[in-house]
Amino acid sequence: MRKILSILLVAVLAAGTTFAAFSGSATIGAGANFDTQEYGFIGNGTNVNFNVDLTSASAEAVSEGDVYASIKASLGITLKSDEDGIKAGDPLFPVFTQLGNGDMAAWLYAKIDEAKVAGNNWYVSFLGLPSVNDFAKSAIDTWTVEDEIDSDYGFRKADYDKNATYKVGYDKAPGVEVGLFDYVIGAGYKAKALKEDGKLNLFKQYALTLYGKTPEYTLVDGLTIQAGASYANQVADYIDDGDSAVNALGGSVKVAYKADALSTSVASDMGYDFLAKEFGADVAANVTYDFLAFDAYYATKAAKSGTVTNGSYSDDAKVKNLLSAQVVTDLNSFEVPVKITVAGKDLVNAQDTSLKVEFKVADVKLTPSVGYVFDSGKFSAGLDAEYAVDAFTAKAGIKTETKFEKDDLILKASASIETKALIPGATLKLAWSDANDLLRRGADSKEEWGKIIASCKIAF
């Protein structure tokens, strides 16, 4: 006899529990900005990050038996802040109002978290297909995305890093996801028949998506392999406005081995675009043995940077034949306080090479570095120093850039000292930053002497 178990938990706004995650800080600083000629008390900066469920409800229905259906849903009102912080003078609780600058918003949400029919070692999910497989990503070509606006809630996201990668053309048609013994497959299809010259065309508008991914097979002890595949064929704008036409076949594979001090992996995504008549692929490899690590990445075409415009992120122009590699040697395993990183980014095109050595003597850590971009002829050299003890931490850095042309030397510098020992719960800091062109030889001819700020920060 089947039993139906239904659980309904409702939190009422007036009398219910508020679930919150809060963190924040307040900073006061005084100093001078040499570029804008401003001086004095610079900023009463406050930073509050929060994610508050003002009220929430969840519902779940799970039947019993060899074959059963389950559905889970959630409903709530949530108040979210700009992940980068609330500025001084901003209103604190504009409830049910989304601010135009995206700093804070209250949202009512209702969503289905799970809907499936399942049995022993299998399930069918009604929530759509998985995202495209992306097994290979560059560990070398990375960049930070700042000030992106969350598309669902409208606040600025916290800064995050992206990696260069290749993804085959893909779009999700309405469909289902099926799991069977840890295999995952997906199928989606939708079409609209239209008449042309009195004849019915069944495939004038359509969207088809097929997806598959295997579990990790263990071939021998420590050696695993995993594979995936996808196919997408969709007419432009049929499912969502703004979508481009897609007709692409993709495959992915990852092989990894780990034993004692040795670990290695090779992953690849590849595909063929039938519309562009173009093959694409990328390969990421890593080998780590005790003190030595090697990374390599190659993509037929991939972006190596990105831009946020009016809150929307997009990749910059893709680079053909993106090839990068780096070797890291950490001699601390031999009680030698030296770490060496040799890297080459975009070796086929820009040929951006660098050497960085990090070594520590007593409480002082020094990191000299040199770099050369063969494509532009730009040479750079720098030195970072850090002195850390219980009472305070002091840092300083200097970097030069030049193409060995007349009066083109760029000089950058920074310095700071901070302590948490003088006032419990507070960080006192004196910093010189943003000095990006001390010799005033940059292309924009702006004075770039940076700013000096003395600050006190308290945080929770």
Side-chain angles (χ1 to χ4, degrees), residues 29 31-39 42 140-146 159 161 164 303-308 316-317 319 322-329 338-361 364-388 393-418 429-455:
N33 188 322
F34 301 115
D35 300 327
T36 64
Q37 287 76 51
E38 294 177 315
Y39 64 95
I42 300 180
I140 310 156
D141 306 281
T142 64
W143 61 97
T144 300
V145 178
E146 301 177 351
D159 297 346
D161 292 332
K304 61 177 183 178
S305 58
T307 304
V308 175
D316 291 340
V319 176
L322 177 62
L323 174 63
S324 301
Q326 74 175 12
V327 177
V328 180
T329 304
V338 177
K339 183 178 180 180
I340 304 171
T341 302
V342 181
K345 296 183 179 182
D346 195 10
L347 293 172
V348 174
N349 305 291
Q351 300 176 347
D352 184 356
T353 60
S354 64
L355 168 65
K356 181 171 66 175
V357 181
E358 179 183 304
F359 58 94
K360 190 173 183 179
V361 180
V364 179
K365 181 171 69 176
L366 298 175
T367 308
S369 61
V370 294
Y372 186 73
V373 182
F374 285 84
D375 182 51
S376 63
K378 183 176 72 174
F379 172 82
S380 62
L383 175 64
D384 293 319
E386 178 179 325
Y387 178 67
T393 298
K395 299 178 182 179
I398 188 169
K399 184 177 182 180
T400 60
E401 296 177 355
T402 180
K403 295 182 180 179
F404 300 104
E405 299 174 354
K406 184 179 179 180
D407 295 332
D408 76 332
L409 181 66
I410 303 295
L411 180 63
K412 304 179 180 181
S414 64
S416 68
I417 183 170
E418 65 178 76
K429 185 175 183 179
L430 177 65
W432 176 36
S433 61
D434 297 337
N436 295 322
D437 189 3
L438 293 175
L439 302 179
R440 292 180 289 167
R441 292 176 177 174
D444 56 5
S445 300
K446 291 174 63 178
E447 295 182 354
E448 295 287 352
W449 293 341
K451 57 188 177 184
I452 293 179
I453 302 294
S455 63

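- The side-chain heavy atoms of Thr329 and Val342, taken from C-beta on, include no pair separated by under 4.5 Å.
- Residue pairs meeting the side chain to side chain donor-acceptor pair (under 3.5 Å) criterion with at least one partner in residues 348-361, sequence neighbours excluded, are Asp346-Asn349.
- For the atom pair CG of Asp437 and CG of Leu409, the computed distance is 9.0 Å after rounding to the nearest 0.5 Å.
- Between Lys378 and Lys403 the shortest heavy-atom distance is CA-CG, 4.0 Å.
- In terms of heavy atoms, Phe404 sits closest to Phe379 at CE1-CB, 3.6 Å.
- Closest approach of Ala388 to Thr393, counting heavy atoms only: CB-OG1, 3.9 Å.
- Atom NZ of Lys339 is separated from atom NZ of Lys365 by 8.5 Å, given to the nearest 0.5 angstrom.
- Rounding to the nearest 0.5 Å gives a distance of 12.0 Å between OG of Ser416 and CH2 of Trp432.
- Rounding to the nearest 0.5 angstrom, the gap separating the CD atom in Glu418 from the OG atom in Ser455 is 8.5 Å.
- The minimum heavy-atom distance linking Ala164 with Lys304 is given by the pair CB-CA, 4.5 Å.
- Atom CG in Leu411 sits 4.5 Å away from atom CG in Leu438 (nearest 0.5 Å).
- The two atoms that bring Lys345 and Ser324 nearest to each other are CA-OG, 3.4 Å, heavy atoms only.
- Between Ala454 and Leu430, the closest heavy-atom pair is CB-CD1, 3.9 Å.
- Annotation: side chain of Ile410 is not in contact with side chain of Leu439 (no heavy-atom distance under 4.5 Å).
- Looking at Lys451 and Asp434, a side-chain N of the basic residue comes within less than 4.0 Å of a carboxylate O on the acidic one, giving a salt bridge.
- Among residues two or more places apart in sequence or in another chain, the side-chain hydrogen bond (donor to acceptor under 3.5 Å, both in side chains) test is passed with Asp316 by Ser305, Thr307.
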